[in-house]
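The residues of the chain are indexed from 1 along the displayed sequence. FYI, side chains are in, hydrogens and waters are out, and symmetry mates aren't considered; it's all heavy atoms of this structure.
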Amino acid sequence: MVTESKKATAMGSLGLFALALFIFLSLRWAVLEPFIIPSGSMIPSLLIHDHIGVAKWSFGLRVPFSQKWLTGPYTPERFDVVVFKSVENPDMYMIKRVIGLPGDHIQITKQGGLVINDIEIPRKKLEEFTRPEEDLEISPDQLDFYLEGEKKEHVVMQRRAAFRWEVQAYDVPEGKLLMMGDNRDASHDGRYWGYLPLENLVGKALFIWLSCTETISVTQNLCDPNFIRWQRIFSPIQ
């Protein structure tokens, strides 16, 4: 009797573990997946060691353990911040802002502004802005911050002394997107590696659930509790 009871308890525990694992994997597959920001290409919107929640249902769902789409892929909205698989290395994930949608004609001015389908996107220089100094490679005094967009406003950062020139226009093909980082002069994005296929999309970045300036010494994935950026926790991603 004792042996049978132990077996029943073990089987029950194993069943609960399997159920919990199934629920976790299902949520990660279809609902929300965590990612960590490893670089400064999206400063000031996202900082190094920001931990973010990404909505997996935003652009459709893939067949589990496959790259085939079950539904979608659906086109994001302009200026969404999205996670996607790199076109240069499919095993690497990247995060950028959607600048160009399929069929768009995009120009970048000498001042770094955007002209999309012959309409200049509003931008306003911010004289006062909280600067994430611990993540910057240069002095904040050498940077300018701009509020960009109209319905979806976000802040972009540019180097004040950077040499600029008008580049050729981008004509975004069907089924593709033009992606750019908010750290406009220090982002390896679509201006270098080309257009992003819709099928590379992973999900829309929704919020920051944890952030820190330093991680513990044994891993870069765990925040040091002494260096938490408390003001960023549960901040929405604009």
Side-chain angles (χ1 to χ4, degrees), residues 24 27-29 31-56 58-59 62 67 76 79-99 129-140 142-143 145 148 154-159 162 177-197 199-238:
F24 171 77
L27 290 174
R28 184 166 180 159
W29 164 68
V31 182
L32 201 69
E33 185 171 357
F35 285 88
I36 303 172
I37 304 302
S39 72
S41 69
M42 282 295 292
I43 294 173
S45 301
L46 293 170
L47 307 182
I48 298 171
H49 304 316
D50 276 350
H51 294 237
I52 64 173
V54 175
K56 297 295 291 293
S58 298
F59 312 124
R62 286 185 169 89
Q67 295 305 308
F79 299 138
D80 278 352
V81 176
V82 304
V83 170
F84 55 92
K85 291 192 173 185
S86 167
V87 298
E88 298 176 307
N89 179 1
D91 295 326
M92 183 174 71
Y93 292 95
M94 302 181 73
I95 183 166
K96 306 291 179 188
R97 191 176 297 276
V98 178
I99 300 298
F129 185 74
T130 303
R131 301 160 178 174
E133 298 190 23
E134 68 275 6
D135 284 313
L136 303 180
E137 296 178 354
I138 62 175
S139 168
Q142 301 178 41
L143 297 166
F145 297 86
E148 183 178 82
H154 52 273
V155 179
V156 299
M157 185 173 75
Q158 294 180 187
R159 299 194 180 202
L177 303 168
L178 178 64
M179 313 297 294
M180 291 173 61
D182 291 348
N183 186 352
R184 290 286 164 83
D185 296 316
S187 173
H188 185 67
D189 52 36
R191 292 169 292 178
Y192 300 92
W193 42 255
Y195 302 109
L196 177 75
E199 55 263 27
N200 283 40
L201 292 173
V202 172
K204 180 180 177 181
L206 295 183
F207 61 91
I208 299 164
W209 62 271
L210 181 63
S211 183
C212 57
T213 57
E214 300 288 342
T215 58
I216 61 175
S217 57
V218 294
T219 176
Q220 294 296 306
N221 294 330
L222 293 178
C223 280
D224 187 324
N226 296 310
F227 296 94
I228 301 295
R229 300 185 183 108
W230 295 103
Q231 74 280 7
R232 294 184 66 77
I233 294 180
F234 294 119
S235 298
I237 299 172
Q238 303 296 333

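- Heavy-atom minimum distance, G203 versus F59: C-CE1, 3.5 Å.
- Considering only heavy atoms from C-beta on, I37 stays 4.5 Å or farther from M42 through its side chain.
- In this structure the side chain of V81 never reaches within 4.5 angstrom of the side chain of S45, judged on heavy atoms.
- The shortest non-hydrogen separation linking F84 to V202 is CA-CG2, 3.9 Å.
- Distance check, rounded to the nearest 0.5 Å: CD of Q238 to CG of D80 gives 11.5 Å.
- With R184 contributing its side chain and G181 its backbone, the two residues share a donor-acceptor pair below 3.5 Å.
- Side-chain atoms of L47 and T213, non-hydrogen and from C-beta on, never get closer than 4.5 Å to each other.
- With a 4.5 Å cut-off on side-chain heavy atoms, V87 and L196 count as touching.
- Separation of atoms CD1 (I208) and CZ (R232) is listed at 4.0 Å; rounding is to 0.5 Å.
- Taking 4.5 Å as the limit, every side-chain heavy atom of T215 sits out of range of all side-chain heavy atoms of D224.
- Residue Y93 holds its OH atom at 10.5 Å from CG of N200, rounded to the nearest 0.5 Å.
- In this structure, the side chains of M94 and M179 stay at 4.5 Å or more apart for every pair of heavy atoms.
- Here the straight-line distance linking atom CG of N221 with atom NE2 of H49 works out to 10.0 Å at 0.5 Å rounding.
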| request: Step by step, work out the side chain to side chain contact (heavy atoms under 4.5 Å, CB included) result for D182 and L46. | output: CA-CA 9 Å; D182 291 348; L46 293 170; over 6 Å; no
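- Taking both residues in full, the closest heavy atoms of P76 and L177 are given as CG-CD1, 3.8 Å, listed atom of the first, atom of the second, then distance.
- Scanning all heavy atoms of the two residues, the minimum distance from A55 to L32 falls at N-CD1, 4.0 Å.
- Atoms CG and CD1, on D50 and I233 in that order, are 10.0 Å from each other to the nearest 0.5 Å.
- When side chains are defined from C-beta on, I95 does not count as touching V54, because their heavy atoms never get closer than 4.5 Å.
- For the residue pair S41 / N183, no side-chain donor-acceptor distance below 3.5 Å is found, with atom types taken as modelled.
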| request: Evaluate side chain to side chain contact (heavy atoms under 4.5 Å, CB included) for L206 paired with I52, printing each intermediate quantity in order. | output: CA-CA 7 Å; L206 295 183; I52 64 173; over 6 Å; no
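- Between the N89 side chain and the S86 main chain, no donor and acceptor come within less than 3.5 Å of each other.
- Comment: R97 does not engage E148 in a salt bridge, judged by the lack of any side-chain N to carboxylate O separation of less than 4.0 angstrom.
- With hydrogens and angles ignored, the 3.5 Å screen pairs a side-chain donor or acceptor of D185 with a backbone N or O of R159.
- Remark: H51 NE2 to S211 OG distance equals 7.5 Å, nearest 0.5 Å.
- Closest non-hydrogen pair, C212 versus R229, comes out as O-NH1, 2.9 Å.
- When all heavy atoms are compared, the tightest approach of P90 to K85 is O-CD, 3.6 Å.
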